[in-house]
Engineer: 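Pasting in a structure now, in structure tokens, and then I'll have a few things to ask.
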Amino acid sequence: MRSPTRILAGLLFALAVLFLFFPILIVAPMSFSGDRFLGFPPRSWGLTWYQTYFSDPGWLAATWRSLRIASLASLIATLVGTASVVGLARLSGRWRAGVTGMLLAPAIVPNVIIALGVFMLALRFGTTDSEVTLILAHSAIGLPFVVMIVGAAYRQTDPMLEKAARVFGAGPLRAFWTATVPPLAPGILAAFIFAFFVSFDELVIALFLMGGSETLPVRIWNDLRFEINPTIAAISTFFVVVTVLAMTLAEVLRIRATRRQGSN
Amino acid sequence: MTSMSLMTVTSEIGAMTQGRAPIRFQNVSRAFGSVVALDDFCLDVKAGEFVTLLGPSGSGKTTALNIVAGFDRATSGEVFIGERAVGALPPERRNVGMVFQSFALFPHMSVFENVAFPLRMRKVAAYEVRARVERTLEMVQLGGYAGRRPGALSGGQRQRVALARAVVAEPPVLLMDESLSALDLKLREDLQEEVRRLHRTLGTTIIFVTHDQGEALVLSDRIALMNHGRLCQLDTPTTLYDRPASRFVADFIGRTNIVPIDAGDHAAAIGLSNAPDGAVALSLRPEKLRRQPPAFGGGFEAIVQDVTFKGAATEFRLQTASGLSLRMSEARATALALPEIGQTVRLNVVPEDATPLYE
Ligand SMILES: Nc1ncnc2c1ncn2[C@@H]1O[C@H](COP(=O)(O)OP(=O)(O)OP(=O)(O)O)[C@@H](O)[C@H]1O
Ligand SMILES: [Mg+2]
């Protein structure tokens with residue numbers, strides 16, 4: 001049945017998707033341009049700009065730095081966030097609400113404010129321009145995502161599972177690892193991927209903290225300010241593909257983790 | 001855990017496994033702030049006995065069980081499993097089996113791994129794990145299901161897996177909290193039979209929690225009826241049914257007519273004037289009331305207010321001349337014709353069938 005409202009809804013949906021994908025529709029063809037300057041539509045085609053990206057030591061260094069920072073930051077966020085979720089469940093009422101609020105705050109506070117705060121703190125300790133400082137700041141902004149995703153998965157698990165493990169002979173740690181964690185695993189992995197891209201994409205805090213050694217977003221930013229060349233289109237296209245694949249995986253995992261567990 | 005302490009744990013468990021253990025609640029109280037969930041609770045469960053904790057919602061049944069399992073601690077008093085006071089032992093060192101209402105099967109493990117879990121925690125050798133898991137699954141009629149995930153089983157099958165997991169390590173004590181309540185009536189009856197069979201074969205001491213009095217009557221050696229965290233009466237199902245000690249018990253177990261002794265002299269009006277001193281009321285089971293042919297003298301009259309067909313029996317709501325409302329349950333085999341609503345019938349009751357209640 002094709003009612004007019006359904007056709008209208010379909011049309012609106014298509015428009016929305018087009019709107020969201022429009023930048024990519026422009027950028028992706030430009031990345032395969034053979035021209036020397038950014039222009040649309042390209043007048044010739046080629047893989048020159050991908051070659052430039054993959055052979056330029058500056059770009060590669062920035063990429064590796066970003067990957068390193070994002071891996072460590074998301075690892076920390078995932079560990080701390082998961083531990084918080086489990087710990088929060090053991091707190092009662094008012095405390096839980098308060099602590100949850102604090103853990104979620106970095107998702108609401110604008111990154112500029114966080115950047116400024118971290119920068120001033122780092123100035124005092126003399127740790128500006130340090131990857132460690134950036135990793136810690138990024139783990140803080142990744143934390144809310146972990147708390148939300150793992151928290152949702154945790155609420156779907158049966159609290160009796162851990163008790164069951166205990167009566168059947170497992171100590172507290174063993175029970176946690178054998179009964180509580182495995183049903184959460186897909187949620188934890190999804191949270192890790194989200195936190196990874198929160199860090200990998202992040203520009204503002206990195207701008208404040210990484211004067212000398214650029215992360216990938218900082219390098220793109222700096223490059224854009226001087227000249228607009230198609231390397232950026234190539235990088236963007238490459239990472240859009242990587243991000244879409246990873247986020248799809250994360251979303252599939254998240255949905256699996258949030259669905260009712262099989263044992264109920 | 002060091003290997004040293006592991007050895008002591010294993011030997012402790014070994015010592016407790018000698019047959020079945022008695023369980024004793026000795027003046028156990030548990031308060032949650034101002035709510036007293038268990039109030040000076042005393043109960044002796046003999047080795048190998050099947051005792052049901054029965055009581056209305058909030059009467060402290062789960063609290064009592066949690067204290068035995070080690071999920072909760074008594075505010076005062078002590079629980080003994082065998083000869084041993086277990087108050088300070090964590091759940092994993094009490095060697096009890098448990099069946100949860102929500103099944104609590106590990107969703108990421110196969111049926112086999114679920115049932116093997118207690119054996120693995122006890123470091124049983126692999127070949128023996130396999131043999132015992134297979135035997136236990138056979139016992140609950142789930143022979144072919146070892147490879148499945150709990151998610152791919154029906155409710156009844158899941159509860160059978162949970163049963164198998166609870167008994168596979170042959171614990172001297174088995175705890176069941178509303179274990180069958182999540183299942184529908186037919187399945188519940190099947191599982192009740194299963195539980196009885198398991199109890200006969202294994203001889204484990206069982207504490208079973210339910211608020212379903214029918215289930216308690218079917219399963220138990222003895223029933224501990226609880227109210228407001230206290231033990232009201234501890235007796236065999238028949239004694240509890242035939243000789244309830246209080247109005248609360250008489251009303252909770254089965255259905256009954258409470259005939260007050262003081263007000264309006266209802267008891268005398270239906271020929272029950274022989275109540276002992278101190279009794280405040282009489283309990284008269286609906287099936288103890290009998291209709292008699294109008295030609296006979298004696299007995300008393302009542303007006304039929306409602307007639308309900310209940311399969312094997314017919315139920316009547318009646319009112320006596322003194323204004324007492326009575327329920328009567330009558331086997332359908334009776335030769336007497338069914339009365340109409342509003343009609344007067346002649347009834348008869350044997351004084352010995354009425355149980356005096358003292359509170
Ligand atoms: N963790 C807790 N915190 C506060 N009060 C509690 C807690 N656990 C139990 N209670 C209270 O203790 C009393 C007994 O609870 P319990 O769960 O033992 O009852 P129950 O007999 O198992 O009832 P049900 O048949 O509903 O399961 C109730 O009044 C309950 O509200
Ligand atoms: Mg309960």
Side-chain angles (χ1 to χ4, degrees), chain A residues 78 82 85-87 89-96 149-192 252-264, chain B residues 1 5-6 9-10 13 65-66 68-72 89-111 113-124 148-153 155 158-159 161-162 165-169 171 173-175 177 182:
Chain A
T78 308
T82 304
V85 165
V86 175
R90 285 157 171 75
L91 282 182
S92 63
R94 207 174 322 162
W95 280 102
R96 192 185 313 162
I149 295 169
V150 178
Y154 188 78
R155 280 187 290 281
Q156 297 306 316
T157 60
D158 181 354
M160 284 297 166
L161 287 181
E162 200 165 318
K163 290 187 174 179
R166 293 292 298 276
V167 254
F168 294 123
L173 263 177
R174 189 91 183 259
F176 180 70
W177 281 111
T178 52
T180 309
V181 172
L184 289 181
I188 294 175
L189 192 54
F192 176 84
V252 167
L253 290 168
R254 192 187 64 77
I255 290 168
R256 257 186 54 186
T258 319
R259 246 200 335 242
R260 267 248 159 256
Q261 297 286 321
S263 103
N264 264 314
Chain B
M1 216 186 270
S5 66
L6 237 180
V9 170
T10 328
I13 288 175
L65 213 63
N66 282 346
V68 180
F71 300 149
D72 196 4
L89 288 181
E92 64 271 21
R93 296 186 52 194
R94 297 188 179 201
N95 196 25
V96 300
M98 188 153 184
V99 185
F100 298 84
Q101 177 172 7
S102 60
F103 313 131
L105 296 175
F106 305 122
H108 54 287
M109 295 182 197
S110 66
V111 166
E113 283 308 319
N114 265 282
V115 178
F117 189 87
L119 299 176
R120 297 216 193 282
M121 292 300 129
R122 286 166 174 77
K123 306 242 180 287
V124 174
R148 295 242 197 134
R149 287 290 171 102
L153 297 177
R158 285 179 204 176
Q159 201 56 302
V161 177
R165 182 179 60 173
V167 300
V168 71
V173 165
L174 182 56
L175 308 174
D177 190 358

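Chain letters run A, B, ... following the sequence lines, proteins first, then strands; residues in each count from 1. Worth saying up front: this structure is predicted, and the values here are computed from it rather than measured.
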Engineer: Does the side chain of A/T82 reach to within under 4.5 Å of the side chain of A/Y154, using non-hydrogen atoms?
Structural biologist: no

Engineer: Looking only at heavy atoms and a cut-off of under 4.5 Å, which of A/M160, A/E162, A/R166 has the most pairs with chain B?
Structural biologist: A/R166

Engineer: In terms of heavy-atom pairs under 4.5 Å, which option from B/H108, B/M109, B/M98, B/R120 contacts chain A the most?
Structural biologist: B/H108

Engineer: Between A/P159 and chain B, which part of the residue has a heavy atom less than 4.5 Å away: side chain, backbone, both or neither?
Structural biologist: neither

Engineer: Output all residues satisfying side-chain hydrogen bond (donor to acceptor under 3.5 Å, both in side chains) with B/S110, sequence neighbours left out; order by chain, then residue number.
Structural biologist: none

Engineer: Is A/A165 in contact with chain B via its backbone, its side chain, both, or neither, using a 4.5 Å heavy-atom distance?
Structural biologist: both

Engineer: Looking at every non-hydrogen atom in both residues, tell me the closest pair between A/L184 and A/A153 and how far apart they are.
Structural biologist: CD2-C, 3.7 Å

Engineer: By a 4.5 Å heavy-atom criterion (distance strictly below it), what part of B/R165 contacts chain A: side chain, backbone, both, or neither?
Structural biologist: both

Engineer: Do the rings of B/F106 and B/F117 sit parallel, tilted or perpendicular, given the 30° and 60° boundaries?
Structural biologist: tilted

Engineer: Does any part of the side chain of B/L119, heavy atoms only, come nearer than 4.5 Å to the side chain of B/V168, both counted from C-beta?
Structural biologist: yes

